[in-house]
Amino acid sequence: MKVTFTVNGRPTEADDVWEGESLLYVLRERVGLPGSKNACEQGECGSCTVYLDGDPVCSCLVAAGQVQDREVGTVEGLAQGDTLDPVQQAFVDAGAVQCGFCTPGLLVQTHDLLNRAHHPSDAEIREALSGNLCRCTGYEKIMDAVRLAAARKADARDAAPTGLEG
Amino acid sequence: MAALTKPKNLQDVAAPGRDGVGASPLRPDGILKVKGDFAYSSDLWHEDMLWGMALRSPHARARILSVDVSAALAQPGVYAVLTHEDIPGSKFYGLEIRDQPVLAIDEVRFHGEPIVIVAADHPETARRAIAKIVVEYDVLPSIGPVEALDPERYGYVHAPADYKAHAFGNIVHSQHIHHGDGDSAEVRALADVIVRGEYEVGMQDQAFLGPESGLAVPAEDGGIDLYIATQWLHVDRQQMCPVLGLPPEKVRLTLAGVGGAFGGREDISMQVHACLLAQHTGKPVKIVYNREESFFGHVHRHPATMVFEHGATRDGRLVFVKAEIVLDGGAYASTSPAVVGNAASLGIGPYVIPHAAVDATAVYTNNPPCGAMRGFGAVQMCFGYETQMDRLAAELGLDPVELRRMNAMEQGSVLPTGQVVDAPAPVAELLRRVKEMPLPEVENWRTADGPDVRELPGGLSNTTHGEGVVRGIGYAVGIKNVGFSEGFDDYSTARVRLEVIGGAPVALVHTAMAEVGQGGITVHAQIVRTELGVDQVTMAPADTRVGSAGSTSASRQTYMTGGAVKQAAEAVRAVVLARGRDRYGWAPAFAAGLRLAGGKALTAAGEVVADLVDLLGDEPVDETTEFRHRPTEAFDKVTGQGFGHVQYTFCAHRAVVDVDVELGLVKVIELAAAQDVGKAINPLAVVGQIHGGSTQGLGLAVMEEIIVRDGKVRNPSFTDYLIPTILDTPPMPVDVLELADAHAPYGLRGAGEAPTLSSTPAIVAAIRAATGLPLNRVPVRPEHLTGT
């Protein structure tokens, strides 16, 4: 079948899609966006997290056909050209990336959290990221990264003219 | 005053180079990783690529009566269906003993053993083809670790005629250690108190997130190029070549992005399968395991049963220890012999005990093969001996930390192997530091608005509002070796090239080290900056065009490949300074006293004598060297004596837990660590290693176990095999000590594994303190706490 959808703002078409394929497979193998990761393919690890119409979902649990005419946002769409999103920059700066396999999913999930909560408490951060497994870091530097990103975004908001969100 | 007399071109010699050794520059692959642009092995793609897949045994032990692949072969889209009969070369591989068939031959020895491999145009085509293969089995009763010790009655995992291991029966390897007078009657009589305990450690999985995967591309010369996630490129190749019937120069491996390893990529998994399918079809073949196959596709941590007896005087001095350890090696040897060596030689912990008798044995069983996992034989022992120390302290009425400090080894102590520890061994100091850290708030779950269930055991399941919740505190310390031991020729190779590009000196580092996430490439660049005084350092892809780096395991890469990079950089510097002698007529002694910093050659006093760009000129300097640590020796087979390990590393933990004693739920509130790393080459990465290792120890303490019943794996998924989430993992304050080891580059001490040891027993000690239960097995599950 053919699936037509929008990825990171770009209209996209995937041909010869087998009905059993997941959104994750289509992204990784058919449209050249392997940034979303395939750590468990059973909805347990969160490494494949993408936005679907603005909500974070495990793309391994979304059938390809379900995204027809919908909007998908992946880790590849977070940066503006060479300018990293504050969440991405904070993960690099805080040492929250080791092997990096969990990172794309965590970035999308954190990006969503900080859009909803500008000053999340530690307990809120842990709750929001509890569906994303990381095996390398013990999560301490991930906590640091989320706090850092939240603080930098707050600074950017303070610096921005009234009415604009940073 | 003095400043006025200094030459104008003086540089501050005390100031460290930017982003050199001791700094925490950001990882060079970090930007790619956060953009989703880093190419992991599972992301690779090639024109005309096929997908490979394996049919695996559903039985732990069975004779294969027949294999019918005709229906699979007839399916459109299928390009190859191969059994062991299609293998051009040797049909076996193995890291230490070549006892593992590439594809099962007439029998299967563990649940998940591969029997047939398929290449097809789509993963679903391959799955359907696999489903059409008909295998007839004669299922046999599986041999577990108890049955393994009585082969006369229960049989052999490997028929005696096929036997390749070191020992006999179902024994893969054993090691005895006899120290002092062992546990003789005379020695026992010296002890006022003897504590005996039996302990068990379940099978832990590495659970790296990036699944086993790679892409094999057939080359025009009849060889193969393999892009692969592994821990050791050269030993993958060494095992692959005989199977593929190809010489090493025709099997070229390049490291693809690796999504974690932790020992699970030390053995080969899909490497040979992908290459066989590529050889057979003439097309590129990619294999990517899903999570279930990953659980079957790599070795695990050895489950252990341990019996310890410790004798001590009334005032708390250890007199003797006796330990009997059986490790379940599973169906094939993997690294079992080396794991046994570690278990035996590190089995009494970081303590001075005048008399010791230790026996460690790994057995063949029909359980999943076990091999390398972070901590490698030392993890299991640490749970045993640290539990014993707590029990002994209770028996003697002593503080458990005080008992440990009284008996702690230190520099100059003699190990039970007879080895004298000739580097700092600050065991007592680490315990002191971890004990003195401020304790977390009591009843931190109380808020003005009532209890915050997120801070309580059971969390958002809302199982308690504080009733039945008891706090406990526990301590543990461990000892781990660094590098390959027991006489293994442990070396690493590095190539460093220095040249002028665009008017600036630029260094290139080329090694075969597997960057698996630990940050080795960050460290290599730091070392080159420090040694050569350049800012720009680039990394060549790790591949087999350069010599072996050894494995990314045994906490060894910063020591070994870091050491090799340092040595190669020193060789480059010597050539550069020799050019100065030719160009500027420097006397040899003068040149030898120069160093490179900030793009200049400097005297010891910091006076600039030449610009590096001028010294280099148009001709690059390119040096490759092999680095070795000082030699070790094998342990004597009978007495276990020998200079077996090159370096020791220590970490201590304090765990604070809240336990819902009614429901058996545990929340780890804080896990504090103190570790000596000799020299923190990259402090940020060191702390990251300690956090990560501690968390894997937490997993073993309260969650992680591959459940095996009659040889069958019952929980091969992240739904049923739980690893710690961010909710399970507490704040982890870390205190890093830097006492240099004079034998090691920059005085550093391997850091990756030690935190994985003591984390587990510290947490279980804290649960014991809260519950009063003995808890002799990990992982501790709720039913162990409630008795239900």
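Throughout, protein chains are lettered first and strands after them, A, B, ... in sequence-line order, and every chain is numbered starting at 1.
At least one side-chain heavy atom of A:Q42 sits less than 4.5 Å from a side-chain heavy atom of B:T719. With a 4.5 Å cut-off on side-chain heavy atoms, A:C136 and B:F208 do not count as touching. A:C99 is not listed as a side-chain neighbour of B:V258, based on a closest heavy-atom distance of 4.5 Å or more. You'll find the side chain of A:K141 reaches within 4.5 Å of the side chain of B:V687, heavy atoms only. Using a 4.5 Å heavy-atom threshold, the side chains of B:K35 and A:V75 count as separate. Within the 4.5 Å cutoff, the side chain of A:Y25 has heavy atoms near those of the B:P123 side chain.
Between the OH atom of B:Y289 and the CG atom of A:N38 there is a distance of 14.0 Å, given to the nearest 0.5 Å. How far OH of B:Y40 is from CZ of A:R28: 10.5 Å, rounded to the nearest 0.5 Å. Of the inter-residue distances, the one linking A:F101 atom CZ with B:S42 atom OG reads 4.0 Å to the nearest 0.5 angstrom.
Contact tally against chain B (heavy-atom pairs below 4.5 Å) for A:Q98, A:E140, A:E44, A:R135: the top residue is A:R135. When the candidates A:G35, A:S130, A:C45, A:S36 are compared by the number of heavy-atom contacts under 4.5 Å with chain B, A:S130 comes out ahead. Heavy-atom pairs under 4.5 Å with chain A were tallied for B:D37, B:N290, B:I31, B:V288; the largest tally goes to B:I31. When the candidates B:Q206, B:E292, B:R291 are compared by the number of heavy-atom contacts under 4.5 Å with chain A, B:R291 comes out ahead.
Both the backbone and the side chain of B:S717 come within less than 4.5 Å of a heavy atom in chain A. Interface remark: B:F718 contributes backbone and side-chain atoms alike to the contact with chain A (heavy atom separation under 4.5 Å). For a residue to count as touching a neighbouring chain, one of its non-hydrogen atoms must lie under 4.5 Å from one of that chain's; by this rule B:L209 touches chain A with backbone and side chain alike. Neither the backbone nor the side chain of A:N132 comes within less than 4.5 Å of any heavy atom in chain B. Heavy atoms of B:T729 lying under 4.5 Å from chain A belong to its backbone as well as its side chain. In this structure, the portion of A:A94 lying under 4.5 Å from any heavy atom of chain B is its backbone and not its side chain. For chain A, the nearby part of B:L460 is the side chain; its heavy atoms alone come within less than 4.5 Å. At a 4.5 Å heavy-atom cutoff, the contact between A:E41 and chain B is made by side-chain atoms alone. Contact annotation for A:L78: neither backbone nor side-chain heavy atoms come within less than 4.5 Å of a heavy atom of chain B. Both the backbone and the side chain of A:L133 come within less than 4.5 Å of a heavy atom of chain B. Using a 4.5 Å cut-off between heavy atoms, B:P731 contacts chain A through both its backbone and its side chain. For A:S47, no part lies under 4.5 angstrom from a heavy atom of chain B. The part of B:T695 that comes within reach of chain A is its side chain, from C-beta onward, which places non-hydrogen atoms under 4.5 angstrom from that chain. For B:Q689, the parts lying under 4.5 angstrom from a heavy atom of chain A are both the backbone and the side chain.
Atom CD of A:E13 has more than 12 heavy atoms from other residues, nucleotides or ligands within 6.0 Å. Counting non-hydrogen atoms of neighbouring residues, nucleotides and ligands closer than 6.0 angstrom, the CG atom of A:D16 reaches no more than 12 such neighbours. Counting heavy-atom neighbours within 6.0 Å of A:R10 CZ, excluding the residue itself, gives a total of 12 or less.
Contact between B:P724 and A:Y139 at its shortest, heavy atoms only, is O-OH, 2.7 Å. Nearest heavy atoms, B:V34 versus A:L107: O-CD1, 3.2 Å.
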Open item on the list: I'd like to know whether A:K37 forms a side-chain contact (heavy atoms from CB on, under 4.5 Å) with B:D43, so could you lay out the CA-CA distance, the side-chain angles of the two residues, the decisive distance to 0.1 Å, and finally the verdict.
Closed with: CA-CA 9 Å; A:K37 287 290 167 274; B:D43 299 339; 3.1 Å; yes
TODO: Starting from the C-alpha separation in whole Å, work towards a yes-or-no answer on side-chain contact (heavy atoms from CB on, under 4.5 Å) for A:T137 and B:H691.
DONE: CA-CA 6 Å; A:T137 65; B:H691 284 152; 5.9 Å; no
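Under 3.5 Å, the side chains of A:E21 and B:H122 contain a donor-acceptor pair of N or O atoms.
Remark: B:R454 engages A:E127 in a salt bridge, criterion side-chain N to carboxylate O under 4.0 Å. Note on A:E29 versus B:K286: salt bridge recorded, some NZ/NE/NH1/NH2 to OD/OE distance being below 4.0 Å.
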